[in-house]
Novice: 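Submitted below is the structure of interest, expressed as structure tokens.
Chain letters run A, B, ... following the sequence lines, proteins first and then strands; every chain starts at 1. What you see is a predicted model, and the numbers here were worked out from it, not measured in a lab.
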Amino acid sequence: MQDHIRIRDLPARAGESVTVRGWVMTTRFSGKIGFVVLRDGTGYLQMVISKSEAGQALWETVRQLTQETSVAASGSIRADARSPAGVELALADLQVIGPSADFPITPKEHGTSFLFEHRHLWLRSRRQVAILKVRHEVEQAIRDYYHREGFYLVDSPILTAAQGEAGGMFETEYFDLGKAYLAQTGQLYVEAAAAALGKVYCFGPTFRAEKSKTRRHLTEFWMCEPEVAWYDSNDNMRLQEDFVSYVVGRTLERRREELKELERDTSTLERVTPPFHRISYNDAVAKLKALGGNIEWGQDLGGDEETQLASQFDKPVFVFNYPKEVKAFYMKRNPDDPRTVLNNDCLAPEGYGEIIGGSQREDDYDILLSRIREEKLPEEAYGWYLDLRRYGTFVHSGFGLGLERTVGWICGTPHIREVIAFPRMMHRLWP
RNA sequence: UCCCGAGUAGCUCAGCUGGUAGAGCAGGCGGCUGUUAACCGCCGGGUCGGGGGUUCGAGUCCCUCCUCGGGAGCCA
């Protein structure tokens with residue numbers, strides 16, 4: 001396919017005359033010489049203009065360029081050690097396509113509030129471009145991994161009927177059927193699909209109406225949820241560590257430049273290879289107590305405890321077999337200790353917390369039904385889910401990986417809201 | 001919902017025990033032939049988040065409301 005010349009391809013074109021299209025990031029003038037940095041999404045190009053060599057008209061045009069003006073610029077590509085990219089364009093002609101006056105985001109300090117109000121424009125900055133590219137790589141790596149491993153992609157519904165605690169769910173009117181809710185998870189649906197296809201995953205947006213205000217929460221986020229027939233909890237953890245290692249490795253391999261732009265120390269990412277550390281909930285509580293924590297057996301791990309625990313390890317750690325009281329009804333009870341279930345969380349290092357929550361699923365009809373009743377969930381809403389145990393039940397396991405938490409960890413961002421193009425949070429629905 | 005913190009120039013902030021508004025950057029003009037958030041000189045720029053109160057006098061103290069940030073809970 002014929003395409004415009006991209007900045008990315010210019011180093012190979014030294015000596016040629018080219019025309020590139022893009023947006024002006026900065027201009028600098030030093031008397032009779034000027035520099036314009038152009039961005040086109042593939043890279044950054046320093047363009048040079050000399051007053052003595054350019055005509056008066058071109059000099060004036062370039063002199064008056066403002067931040068984010070879109071232009072078509074022509075000139076010859078030449079190697080120069082003084083240029084950041086090693087090559088630069090000697091301007092011979094420049095057409096302004098779209099002027100840009102008073103661009104709000106100057107190359108200076110801004111607060112997060114201001115930046116998120118201008119998110120649609122902030123996306124053009126170097127850091128945001130780098131983050132978007134890493135996110136793209138992670139998403140593509142996820143799809144490639146599951147495709148390679150023989151999984152089928154099954155898209156789960158986003159509009160769902162009530163399935164119990166509708167608290168924490170966004171609701172909307174749904175014709176004559178009453179209320180519909182935006183999905184919090186696709187898991188129940190991929191369990192059904194696993195009985196049809198064996199190895200499946202869904203990957204899409206999910207919604208939580210919780211009034212969360214932390215660096216790890218969004219009201220709309222993306223989640224990848226694999227579900228595998230005949231995998232038990234140990235198989236599940238092996239899949240997780242292989243999967244996460246692939247995604248991290250792939251990003252290191254293909255997005256070095258972006259991670260460098262983000263000033264990410266990649267040494268901790270280099271260590272992300274199987275096997276991950278494993279610690280039971282029982283041992284985790286003992287360890288936290290030994291470290292001075294005041295956690296008691298039976299309590300869920302809080303954010304601080306997760307961070308403290310993860311800091312004991314040099315790569316991701318699985319915490320497995322939690323008390324059933326703090327976990328969901330569908331998790332399979334542990335035959336060796338009925339107080340606990342066969343689940344695991346995966347905690348990322350460096351304080352990024354829980355990037356995965358997974359479990360073996362309860363496959364016994366009667367036990368699942370009794371768990372639904374214990375939790376006082378509406379039985380009728382789970383009829384179809386119970387059917388999966390009535391018609392050829394099967395051992396199966398799966399997990400959910402939070403995309404933004406994973407990308408935030410890989411990028412080293414202080415808050416996950418920065419790794420999604422248009423974050424949705426309690427106080428942000430715009431732009 | 002709870003606990004902290006913050007709202008002052010376009011942006012980021014300073015402004016002491018109350019005395020009548022300041023800096024850097026951005027913008028405008030001028031200078032500079034190798035800049036990397038360039039640099040140097042000059043210039044314009046404000047309902048101090050809203051409302052109420054105390055006071056001779058409030059950006060500053062008190063009350064209240066609004067907005068935003070961080071954390072908790074919930075979880076990915």
Novice: Check whether A:Y44 forms a cation-pi arrangement with A:R126 (NZ or CZ under 6.0 Å from the six-membered ring centre, at most 45° off the ring normal).
Specialist: yes

Novice: Which side chain to side chain donor-acceptor pair (under 3.5 Å) pairs, counting each pair once, include a residue from residues 309-330 of chain A, with sequence neighbours left out?
Specialist: A:Q187-A:Y330, A:H277-A:D314, A:Y322-A:D345

Novice: By nearest atom, which of the nucleotides B:rC32, B:rU35, B:rU12 is closest to the A:Q46 side chain?
Specialist: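 Nearest to the side-chain atoms of A:Q46, counting from C-beta on, is B:rU35.
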
Novice: Which residues pass the salt bridge (charged side-chain N to carboxylate O under 4.0 Å, His left out) test with A:R124, not counting sequence neighbours?
Specialist: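 Only A:E68 meet the salt bridge (charged side-chain N to carboxylate O under 4.0 Å, His left out) criterion with A:R124.
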
Novice: Do A:K108 and B:rA26 have a side chain to base donor-acceptor pair shorter than 3.5 Å?
Specialist: no

Novice: Just list the side-chain donor-acceptor pairs under 3.5 Å for residues 419-431 of chain A, sequence neighbours left out, or say none.
Specialist:
unit_1	atom_1	unit_2	atom_2	d
A:R424	NH1	A:P431	O	3.1
A:R424	NH2	A:P431	O	3.4
A:R428	NE	A:W430	O	3.4

Novice: Could you check whether the side chain of A:E88 and the base of B:rG34 have a donor-acceptor pair of N or O atoms closer than 3.5 Å, going by distance alone?
Specialist: yes

Novice: Pairing donors with acceptors under 3.5 angstrom, does anything connect the side chains of A:T340 and A:N334?
Specialist: yes

Novice: Name all stems that contain residues of RNA chain B, defined as runs of 3 or more consecutive Watson-Crick or G-U wobble pairs, both distances under 3.5 Å.
Specialist: B:1-7 with B:66-72, B:10-13 with B:22-25, B:27-31 with B:39-43, B:49-53 with B:61-65

Novice: Could you encode protein contacts along nucleotides 69-76 of chain B as a string, one character per nucleotide from 5' to 3', using B for base contact, S for sugar-phosphate-only contact and - for no contact, with a heavy-atom cut-off of under 4.0 Å?
Specialist: BBBBBBBB

Novice: For A:R13, give me all partners under side-chain hydrogen bond (donor to acceptor under 3.5 Å, both in side chains), at least two apart in sequence or on another chain.
Specialist: A:E16

Novice: Are there more than 12 heavy atoms of other residues, nucleotides or ligands under 6.0 Å from atom OH of A:Y152?
Specialist: no

